[in-house]
Structures are given as structure tokens and as C-alpha cells.
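Let me begin by presenting the structure, written as C-alpha cells, before commenting on it.
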Amino acid sequence: MKNFSYLRPATLDEALRALGGDERRDVLAGGTTMVDLMKLGVVQPDGLVDITGIASLEGYEVDGERLRFGALARMSDVGNDEALATACPALSEALWKAASAQLRHVGRLGGNILQRTRCPYFRETAYACNKREPGTGCAALDGGTTDLHALFGGSERCVAMYPGDWAQALIAFDAVVDIASPTGTRRIDFADLHVLPGDSPEVETVLERDEIITAIEVPLTAAMKGSHYLKARDRESYAFASVSAAVGVAMEGDTVSEVRIALGGVASVPWRARAAEDFLAGGVFDEERAKEAGRIAFADATPLEGSAYKIELGASVVAGALMTAHQRARQEG
């Protein structure tokens with residue numbers, strides 16, 4: 001690991017000024033991704049700006065007219081909040097099923113949604129990786145192991161998978177993100193935060209170098225209380241998703257009045273299954289329709305040899321998540 005400078009500002013303004021200087025500095029929040037990648041030599045910033053001392057970014061609200069989460073709220077605090085578990089089980093469950101208890105206590109929500117891919121070729125500098133070093137190639141596409149790679153959103157330059165859990169629940173429920181920079185603030189849809197790899201897989205988000213996420217907001221919607229996050233993985237804990245689904249269902253009598261479906265473990269960015277939603281919306285709900293929605297969610301998948309198993313598994317995960325969400329929606333009704 002190369003030498004680097006370290007700053008720990010006490011205010012957001014101080015942090016933004018530090019990022020705007022000539023030195024190439026990266027933001028450090030929980031550090032559960034950044035420190036690992038620095039040790040591996042994948043990222044080598046000139047300096048780190050540790051924002052964990054900015055108390056104004058730590059709060060969150062889950063009992064108002066909308067859900068609002070400060071970027072430095074801890075994953076464990078939010079995941080353990082009973083009011084959130086009641087208001088939107090999927091958001092709570094996505095945090096509970098992410099990482100270990102120790103990492104959830106350290107990890108912050110803003111950093112969590114910006115975590116980097118777990119592609120082994122990105123994390124091992126001996127291999128070619130266009131995301132880590134543009135123009136060098138992609139070892140996964142050049143005959144490598146591909147069981148951890150994307151079925152959706154990949155390109156001829158990169159098929160790395162976005163690994164997060166909470167992001168799937170955020171995109172399912174139309175979250176928005178507040179961003180600050182030295183020149184002001186802006187708000188964007190969470191769905192617009194991450195960037196498809198295309199010809200520039202090294203560009204992962206729309207954030208500029210001197211911008212910081214300050215908060216995440218989720219509007220209340222009828223499908224929140226009837227929601228569920230289901231995660232299939234190699235082992236019950238401490239593992240990233242092979243496939244996951246964040247879903248929400250609201251019913252009016254026997255008719256689906258609202259449905260949300262997002263997929264994890266299968267795409268280069270957080271992924272919304274719009275076609276499956278359209279299939280269910282406005283119709284009756286039963287197990288066969290849930291299974292068909294699962295199949296539709298993966299109808300356009302373009303797997304590599306190692307990731308083809310995720311299509312059948314993913315369809316089952318979506319169907320299972322929908323069945324649980326429907327049951328919860330019925331209980332609320």
C-alpha cells in the first residue's frame with residue numbers, strides 16, 4: 001500500500017473543500033470496501049477524507065411522511081429499527097442479510113450503496129480488468145470463471161456484477177439521493193446513480209470527484225408494508241447474493257394494485273424488473289402468476305457459461321419473494 005494523506009473533517013463543508021483540492025483524495029466512510037481495495041492495490045488514492053466525524057449525516061427518520069436516511073447512518077442501527085421493519089420489511093431485511101454483524105456495525109448507508117464489484121479479476125491485479133485499468137481487457141470474457149458475473153447490463157468490455165443488497169430495495173421503491181458539492185446540492189433518482197459499464201466500465205456512478213452523498217430518501221408507497229427481500233447464496237450468512245429479489249405488493253381485493261420487483265446478484269447495476277411488474281399489475285395474484293412473473297423477470301438475461309444457473313434460480317427467488325410479500329399485503333389489508 002502506498003503512502004497517503006489522511007484528513008478527518010468535522011463538517012460537511014470542510015470535507016467538500018478537502019475533496020476539491022489538487023490531491024486525488026477519496027472518501028472514507030465505513031471503510032469496509034475502501035481499506036480492502038487499498039490493501040490489494042486495486043485503488044491507490046493520494047489521500048483519504050474520513051467523513052465519519054460529520055455528525056449531521058448520521059441521523060435517520062422512518063416514522064414520518066417519508067423515509068429519510070443520513071448517509072452516515074449505520075447499517076446495524078437502521079436494520080434493527082422496529083419502525084422500519086414495520087413500514088418496509090424489505091428495506092430492513094436487505095440490511096439484515098448483508099455482511100456480518102461486525103461489518104453492519106461499521107458500514108454506513110452511503111458507503112454501502114457505493115460498494116465496488118466482487119469480481120475476482122477486478123480485485124486481483126495480476127488479471128486484465130477494464131474496470132480497474134481501462135483498455136487492458138476483461139479476464140472474465142477471455143475464458144475466465146464467470147459464475148459471479150452479470151446477466152443484465154454487461155458490455156463487451158465488462159460483465160462485473162454489482163454486489164449490494166440494500167440497493168435493490170432502494171431501486172424497487174423509487175428512492176432518491178441527495179448530493180452535495182462545493183458549488184451546491186442536487187437530488188437525483190437512485191436509479192440514475194449507477195452507470196452501466198458500456199465502453200467505460202471504470203465509471204461506476206454519476207458522482208463527481210468532489211461530491212458526497214448526504215442522504216437517501218424513500219417516498220411512502222402502498223406496496224412497502226407488503227414487501228420482502230429474499231436472498232439466495234452459497235451459505236446462510238456472510239455471503240453475497242447468487243440471486244436476490246426485493247419486492248413489494250399492494251392489493252385491492254383480489255387485484256394487484258401495485259407491485260415492485262428488483263433483482264440483485266445478477267446485474268452490473270441495481271436492476272428493476274419492469275416487465276415482470278407490468279405482467280402482475282392490475283391482475284389477480286396466485287402462485288402460478290408469481291412463477292410466471294419470475295420467468296418474465298429473467299426472460300432477457302444474457303448469461304455467460306458460469307452464470308446460466310442463475311436464470312432458473314432467479315425465477316424461483318422472485319416467485320418466492322412475491323408469495324411472501326403477497327401474504328404480508330393480505331395481512332395489512
Side-chain angles (χ1 to χ4, degrees), residues 1-2 4-9 15 19 25-45 47-55 57-60 69-81 91-125 129 131-132 148 160-170 175 177 190 193-194 204-205 207 211-216 229 231 233-242 244 246 264-265 268-270:
M1 184 186 297
K2 79 170 191 178
F4 59 92
S5 65
Y6 173 83
L7 300 173
R8 193 170 189 265
L19 291 174
R25 294 169 176 161
D26 286 344
V27 172
L28 180 72
T32 58
T33 293
M34 177 63 70
V35 173
D36 278 352
L37 295 180
M38 290 177 68
K39 289 179 178 178
L40 293 169
V42 174
V43 297
Q44 300 183 58
L48 293 177
V49 179
D50 182 351
I51 64 172
T52 56
I54 305 175
L57 302 183
E58 292 182 350
Y60 67 95
F69 308 95
L72 291 181
R74 294 180 190 273
M75 295 171 63
S76 57
D77 291 340
V78 177
N80 290 340
D81 193 285
L91 282 169
S92 176
E93 291 164 344
L95 290 172
W96 260 101
K97 294 177 180 179
S100 66
Q102 295 90 336
L103 290 177
R104 291 196 298 270
H105 184 67
V106 174
R108 311 300 179 105
L109 297 185
N112 178 266
I113 61 176
L114 296 177
Q115 63 185 288
R116 310 292 297 277
T117 182
R118 304 300 295 190
C119 173
Y121 305 115
F122 171 73
R123 295 172 64 85
E124 175 49 69
T125 58
C129 175
K131 181 180 288 292
R132 187 186 65 249
L148 297 176
M161 178 193 72
Y162 175 82
D165 294 290
W166 202 50
Q168 318 312 331
L170 292 177
V177 179
F190 180 75
L193 175 64
H194 296 88
E204 297 183 347
T205 74
L207 293 176
E211 288 187 314
I212 293 176
I213 292 176
T214 58
I216 303 157
Y229 181 72
K231 181 177 181 178
R233 46 188 165 174
D234 290 342
R235 56 185 186 273
E236 183 56 29
S237 59
Y238 311 159
F240 291 90
S242 296
S244 67
S268 58
V269 296

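Not measured: the values here are computed from a predicted model. Excluded from the calculations below are hydrogen atoms, water molecules and symmetry mates; all remaining heavy atoms, backbone and side chain alike, are included.
- Using a 4.5 Å heavy-atom cutoff, the side chains of Arg132 and Thr125 are in contact.
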Item checked: side-chain contact (heavy atoms from CB on, under 4.5 Å) between Leu114 and Leu207, worked out -> CA-CA 10 Å; Leu114 296 177; Leu207 293 176; 3.9 Å; yes

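- With hydrogens and angles disregarded, a donor-acceptor distance shorter than 3.5 Å links the side chain of Arg104 to the backbone of Ala98.
- Residues Asn112 and Thr33 are not in side-chain contact: their nearest non-hydrogen atoms beyond the backbone lie 4.5 Å or more apart.
- With values rounded to the nearest 0.5 angstrom, Phe122 atom CZ is found 6.0 Å from Cys129 atom SG.
- For Ala160, the side-chain contact (heavy atoms from CB on, under 4.5 Å) partners at least two apart in sequence or on another chain are Thr117, Cys119, Lys131, Cys158.
- By the side-chain contact (heavy atoms from CB on, under 4.5 Å) test, Val49 is found to be paired with Pro9, Ala15, Ala18, Leu19, Arg25, Ile51, residues two or more places apart in sequence or in another chain being considered.
- For the pair Gln115 and Gly164, the tightest heavy-atom approach, listed with the atom from each and the gap, is NE2-CA, 3.4 Å.
- Heavy atoms only, all atoms of each residue included: Leu148 and Pro120 are closest at CD1-CD, 4.1 Å.
- Annotation: the span from Met75 atom CE to Trp166 atom CH2 amounts to 9.0 Å, rounded to 0.5 Å.
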Next item on the list: Might you work through the side-chain contact (heavy atoms from CB on, under 4.5 Å) test for Val78 and Leu91, ending with a clear yes or no?
Entry: CA-CA 9 Å; Val78 177; Leu91 282 169; over 6 Å; no

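- Ile213 is listed as a side-chain neighbour of Ile113, based on a closest heavy-atom distance under 4.5 Å.
- Residues passing the salt bridge (charged side-chain N to carboxylate O under 4.0 Å, His left out) test with Arg74: none are found, sequence neighbours excluded.
- Thr52 pairs by the side chain to side chain donor-acceptor pair (under 3.5 Å) definition with Arg8, Asp50, not counting sequence neighbours.
- Considering only residues two or more places apart in sequence or on other chains, Glu211 meets the salt bridge (charged side-chain N to carboxylate O under 4.0 Å, His left out) condition with Arg186.
- Remark: Val43 engages Met34, Leu37, Met38, Pro45, Arg116 in a side-chain contact (heavy atoms from CB on, under 4.5 Å) (not counting sequence neighbours).
- Applying the side-chain contact (heavy atoms from CB on, under 4.5 Å) criterion to Ser92, with sequence neighbours excluded, gives Leu84, Ala85, Trp96.
- A 4.5 Å side-chain heavy-atom check between Val269 and Leu193 finds every atom pair outside the cut-off.
- Considering only residues two or more places apart in sequence or on other chains, Ser244 meets the side chain to side chain donor-acceptor pair (under 3.5 Å) condition with Tyr229.
- Using a 3.5 Å distance cut-off with no hydrogens or angles, the side chains of Asp81 and Tyr60 do pair a donor with an acceptor.
- Taking the side chain to side chain donor-acceptor pair (under 3.5 Å) definition, one finds that Gln168 meets it with nothing, sequence neighbours left out.
- Rounding to the nearest 0.5 Å gives a distance of 11.5 Å between CG of Leu109 and CG of Leu57.
- Residues Ile216 and Phe190 have side chains not in contact (no heavy-atom distance under 4.5 Å, counting atoms from C-beta outward).
- With sequence neighbours excluded, the residues satisfying side chain to side chain donor-acceptor pair (under 3.5 Å) with Asp26 are Arg24.
- Taking Arg123 as the reference, nothing meets the salt bridge (charged side-chain N to carboxylate O under 4.0 Å, His left out) condition, with sequence neighbours excluded.
- The backbone N or O of Lys97 lies less than 3.5 Å from a partner atom in the side chain of Lys231, making a donor-acceptor pair.
- Applying the salt bridge (charged side-chain N to carboxylate O under 4.0 Å, His left out) rule to Lys2 yields the partners Asp46; only residues at least two apart in sequence or on another chain are considered.
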